[in-house]
Amino acid sequence: MLVYRFRTWVLLLLVIFPDPSLSHFDSAKKKQMREKVRKMFYHAYENYMTHAFPHDELKPLSRSFTDSLSELGNLKLEHLPQNYNGTALTLIESLSSLVILGNCTEFERAVLWLSENLTFDVDARVNLFECNIRVLGGLVSAHILATDSTNRLVQGSYKNQLLVLAEDLGRRFLPAFDTPTGLPYAWINLKYGVMKNETTETSTSGCGSLILEMGALSRLTGDPRYESAALRALRKLWSMRSSLNLLGTTLDMETGEWIEHSSGIGAGVDSFYEYLFKAHILFGKEDFWRMFHSAYLAVQKYFRHGPWYHEADMRTGKATYWQLTSLQAFWPGLQATANTSHREFVYVWKKFGVLPERYLLDHQMLHPTENYYPLRPELAESTFYLYQATKDPWYMEVGETIVNSLNSYTKVEGGFASIRDVTTMQTEDHMHSFFLAETCKYLYLLFDDSFLVDRNYIFTTEGHPLPVLSAWQDRLPEIYIPSNWTYVKVIFILPQIKCEDQLGDLSVLIVQDEKQTKRSSAMSLQVCPALSLNAGHGEQLVESACHVPDARSDHKCFGDEECGVDSTSCRRRSCSMAGYCGLWLVA
Ligand code: DMJ
């Protein structure tokens, strides 16, 4: 179905967009731009490594550092704990970019350093959402890249250390989800868990954009707890939508009540929509698509006004604020179909030189109300996606504008500095880690997408690539298979039967050779193991060895953990949005 939709989009786009051959963007120009972006990346990276590493982020004006993973998400990073000395956040965020730039030597050096030195046993209160997208996502993605034979690591000494670190971090996240609603706390102390009197206020993105990273962690480790926790939170959040299929921006995770009923597609909500769509692509679950589809239609119906998206009250659908945020610039990339919205953002970028964080649209006049620009990637991201979808060289020209502005206004000797005020271009002493994880990455990929040739990736909201439909989702490395997992003990089946075959012919001969017995996951093998039972009367019964019944006889459920394993396909059943266990996974 997705292929069909994609084809329709492509056809539409061919009609809408002009002839690519009319541009000045020939291959020499593309190469020149790629090299310009490469220089930007290394200017930022090397300054971080010299002046800030192993702390979290670079302060490019004072050439010092900030340990900002702690308290990241609070606008003013003023209560940084004394005993926390950083977790090399910017290095973790740079890992996948290094691979995309083809620098496997530096990638390997970084992986080895992190393997030997990184610890999450630190007294730091972190924002779950931020830590998930930046650190967990960075590690999981880098682990996949490190085990991909095409990125051959020179010393060949990678032994899943990044996955071990990711799993350690994932375990530290779990107490945040141990709540009456299943909605997670927004903040957690990495060493001590949820702090006493912790705030119960959180955001829609905070609860609804954890599934890619935590799902990937579960698939890689074979430990379902991470995916279950993220999915339970997402389901609960979705159940809180209004009859118009709209959600608010902030909520109380303990009571499950909305705090801020007004919402849009920007700050506090953005990645929720993004993750519904991307989770569908990554995990193939139709549920995600259905949720995304209803949510998307509601956004188009209640928030959209021409090319702009304002905010509206989730209960009435009535417009609330005509304010626009720079974070919204990711939306055209998510749509990758309509370029009108993208053109408006480009217009704003050109008007100010960069995108102001928030601005009001009043009688078609733009008034910035929050004047800073922290080197955000969203416009570059959308530009990259739209170029990929259309191959219209106009997007490369936009990319060139972005690169030139970044070099003119934000480049300083010690790296790239955020802009404090877009009306004066006064700089700010902070280089966010997403500048290396996303801004530079998307600009580089715009001019050189060789990393993507013959590969199929989804980029997380922080720009970390996760492969789609690849073996890693099914293959659970033996060392990571938890002992209570459902195994097929007998896998030497002659002939190896498909589940459907077994249904048709129960008398299939099954030979078990104890010496050759090997542990493996039934789900990954997609075979239907069976046990021969002696039913007496000389009768031989064949029963599935993998069958695990659902927790309730009426098959109702609140989470996947209450669903068993299907007896005929040996596939784990999952809990649908309607709350029933079944084989909802679409192959
Ligand atoms: C990034 O951390 C992610 O893109 C997130 O989804 C939104 N904000 C920043 C970049 O602006």
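Counting starts at 1 for both ligands and their atoms, following the listed order.
- Separation of the Tyr387 and Tyr395 ring centroids does not fall under the 6.0 Å cut-off.
- In this pair, Trp289 and Phe277 present their aromatic rings tilted. The plane angle is within the 30 to 60° band.
- For the residue pair Tyr42/Asn103, the side-chain donor-acceptor check at 3.5 Å is satisfied.
- Ring centroids of Phe352 and Tyr373 are separated by 6.0 Å or more, keeping the two rings apart.
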Write none if no such pair exists; otherwise list each N/O atom of ligand 1 with its protein N/O partner under 3.5 Å and the distance.
from: ligand 1; atom 1: 2 (O); to: Glu462; atom 2: OE1; distance (Å): 2.5
from: ligand 1; atom 1: 4 (O); to: Glu438; atom 2: OE1; distance (Å): 3.4
from: ligand 1; atom 1: 4 (O); to: Glu438; atom 2: OE2; distance (Å): 2.9
from: ligand 1; atom 1: 4 (O); to: Thr461; atom 2: O; distance (Å): 2.8
from: ligand 1; atom 1: 6 (O); to: Thr461; atom 2: OG1; distance (Å): 2.6
from: ligand 1; atom 1: 11 (O); to: Arg376; atom 2: NH1; distance (Å): 2.7
from: ligand 1; atom 1: 11 (O); to: Glu378; atom 2: OE1; distance (Å): 3.3
from: ligand 1; atom 1: 11 (O); to: Glu378; atom 2: OE2; distance (Å): 2.8

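- Defined by atom type and a distance below 3.5 Å, a donor-acceptor pair is missing between the side-chain atoms of Ser218 and Glu227.
- Ring centroid separation for the pair Tyr296 and Trp331 comes in under the 6.0 Å cut-off.
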